[in-house]
Protein chains: 2
Amino acid sequence: MAEVGSALQHINNRPLRERVADMLREAIVTGELKPGQQLVEMELASQLGISRAPLREAFQTLSQEGLVETLPYRGTIVRKLTRTDIEELYSLRSALETFALQRVIRRGDPADAAKLRRCYEDMLAAAERGDLKAVNQIDREFHNTLIELSRHELLAMVCNMVSLRVRQVMALLNERNTDIRQIAYNHLPIVQAIENGNEALAVELLQRHIASSGDLIAEDWKSSEEEPDS
Amino acid sequence: MAEVGSALQHINNRPLRERVADMLREAIVTGELKPGQQLVEMELASQLGISRAPLREAFQTLSQEGLVETLPYRGTIVRKLTRTDIEELYSLRSALETFALQRVIRRGDPADAAKLRRCYEDMLAAAERGDLKAVNQIDREFHNTLIELSRHELLAMVCNMVSLRVRQVMALLNERNTDIRQIAYNHLPIVQAIENGNEALAVELLQRHIASSGDLIAEDWKSSEEEPDS
DNA sequence: CGGCGAACGATTGTCGACAGTTGACAAACG
DNA sequence: CGTTTGTCAACTGTCGACAATCGTTCGCCG
């Protein structure tokens, strides 16, 4: 059999719980479902035209990913994001990507650096034409590529979890007004340091890069902290 | 109302899926359930006297923790551990605990160092009386304490996942014959470096400590690599 | 005798219904 | 009027049954 559509076949035959989890995950990280919002099983199930069983299993997946929170007999809500959560997300992300970066540099394959440079150039092009959405997407791609190049599946799994929630955080902030070009420019010295095999410099730059965006986000977060309850 | 039994109440009322997950998790990390072993839903359910629904949800939890692997329409098996898995486990563990260590040292609370020293002394005492089981348990406690002291809940969650699988790896190796006292002694310089606030040294020692045990384990793993199928 | 295809058994995926728990509101008591 | 207790509705937890899928085996044909 040809390989044609082998991926698509799997998509069609994929268990309902996974497709539902994907849909809900996307809705959460894009901010369509807001933190604190209650997800009632029966309501969502009939709305999606499915039974509660696969929906509950999808909830569990999202719960393990930290996107929702389930309290016994009390229901499931989209997890609220506190300032502490955000600080933890970005600090752990920094540690994880530092680890990935070290592995990539120590392997020292020029093809890896080339791949990252290509990412950077795509990002730059998107920035030049003012496409903020594309810049953000390619920014994610850049970091994902770094993780993949580290060839560490366990790390990739953990990073995926963290990245999802970072995406959620960014989606919840109403259209950041940061200098779009600056985002792209920030990645250049990192790419160069990797190309030169300068581990110490690359690590320093990456940590500064992540920490600065993290601080920026955390600072803006005081807006949606304490909401009055009923 | 008095606080009587508030903890017990929760334990008794905990959802079945969690109690089942706990039981299966324990069975897996202690090696009672062996890698590759198939877990048939109907069989286990009737054996435990429960329905398949909560069992399936327990499977999902374990799947997210990396302890089992579920293939659609093919069933759930205890995840097999390859040498690559072990290398990834220990290298990630090293990176995560390094991160925790840095946070603890940078906070610089003497009470933290004292707590770790107490762990070390307990471990030493257990080693002196030749109690290997206790030494292993306190060793886990030492590392868990380090994580908790970093006050980083997200990190704690990820570390917990990794630690579980490390426990499984250690349980699967037939009674390591390492020098029991050496395990305890290895922790002393780390504690001292923390007490002195010497971050660079502490990190170096911790990484060497984890890497060495990881290498030791990985080396012994060639025994159970390729088993013939059927 | 070997290769191919269709039925079979075993197992998982999904569903609808029932049982148990929680929080809130209302009624009774001091 | 404040506190306690009874009741209820909404929701989650659990169950048993039916549908879909996979690997295998058996039979058929070349």
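- Spacing between atom CZ of A:Arg14 and atom C1' of D:dA20 amounts to 17 Å, rounded to whole angstrom units.
- When each of A:Leu16 and B:Glu43 is assigned the nucleotide of DNA chain C with its nearest heavy atom, B:Glu43 is the one assigned upstream, toward the 5' end.
- Nearest-nucleotide assignment on DNA chain C puts the 5′-proximal partner with B:Ala53, out of B:Ala53 and A:Pro72.
- Under the 30°/60° scheme for interplanar angles, the aromatic rings of A:His143 and A:His209 are found to lie parallel.
- Checking A:Asp85 against A:Thr82 by side-chain atom types alone, a donor-acceptor pair falls below 3.5 Å.
- Following rounding to the nearest Å, B:Ile77 (CD1) and C:dT11 (P) show an atom-to-atom distance of 15 Å.
- Closest to the side chain of A:Arg74, from the set C:dT14, C:dG23, D:dG13, is C:dG23.
- In this structure, CD1 in B:Ile86 is found 12.0 Å from CD in B:Glu219, a value given to the nearest 0.5 Å.
- Picking from C:dT11, C:dC15, D:dT14 the nucleotide with the shortest atom distance to the side chain of A:Ile50 gives C:dC15.
- At a threshold of 4.0 angstrom between heavy atoms, the contacts of A:Leu39 are confined to the sugar-phosphate backbone, with no base atom among them.
- If you measure from atom CD of A:Gln60 to atom P of D:dT14, you get 11 Å, rounded to the nearest angstrom.
- Picking from D:dC15, C:dC15, C:dT12 the nucleotide with the shortest atom distance to the side chain of B:Ser51 gives D:dC15.
- For the pair B:Glu41 CD and D:dT21 P, the computed distance is 16 Å after rounding to whole Å.
- Nucleotides of DNA chain D nearest to A:Met42 and B:Tyr73 differ in position, and the one nearer the 5' end is that of A:Met42.
- Rounded to an integer number of Å, the gap from CZ of B:Phe59 to C1' of C:dT12 is 11 Å.
- Annotation: A:Glu153, atom CD; neighbour count of heavy atoms from other residues, nucleotides and ligands within 6.0 Å does not exceed 12.
- Closest contact between the side chain of A:Arg56 and the listed nucleotides C:dT12, C:dG20, D:dT14 involves D:dT14.
- Summarising the geometry, the separation between CD on A:Glu57 and C1' on D:dT14 is reported as 13 Å, rounded to the nearest angstrom.
- In this structure, a donor-acceptor pair under 3.5 Å is absent between the side chains of B:Ser63 and B:Glu69.
- Separating the CD atom of B:Gln37 from the P atom of C:dT11 is a distance of 14 Å, rounded to the nearest angstrom.
- One interatomic measurement links the two molecules: CZ of B:Arg52 to C1' of D:dT14, which rounds to 13 Å at whole-angstrom precision.
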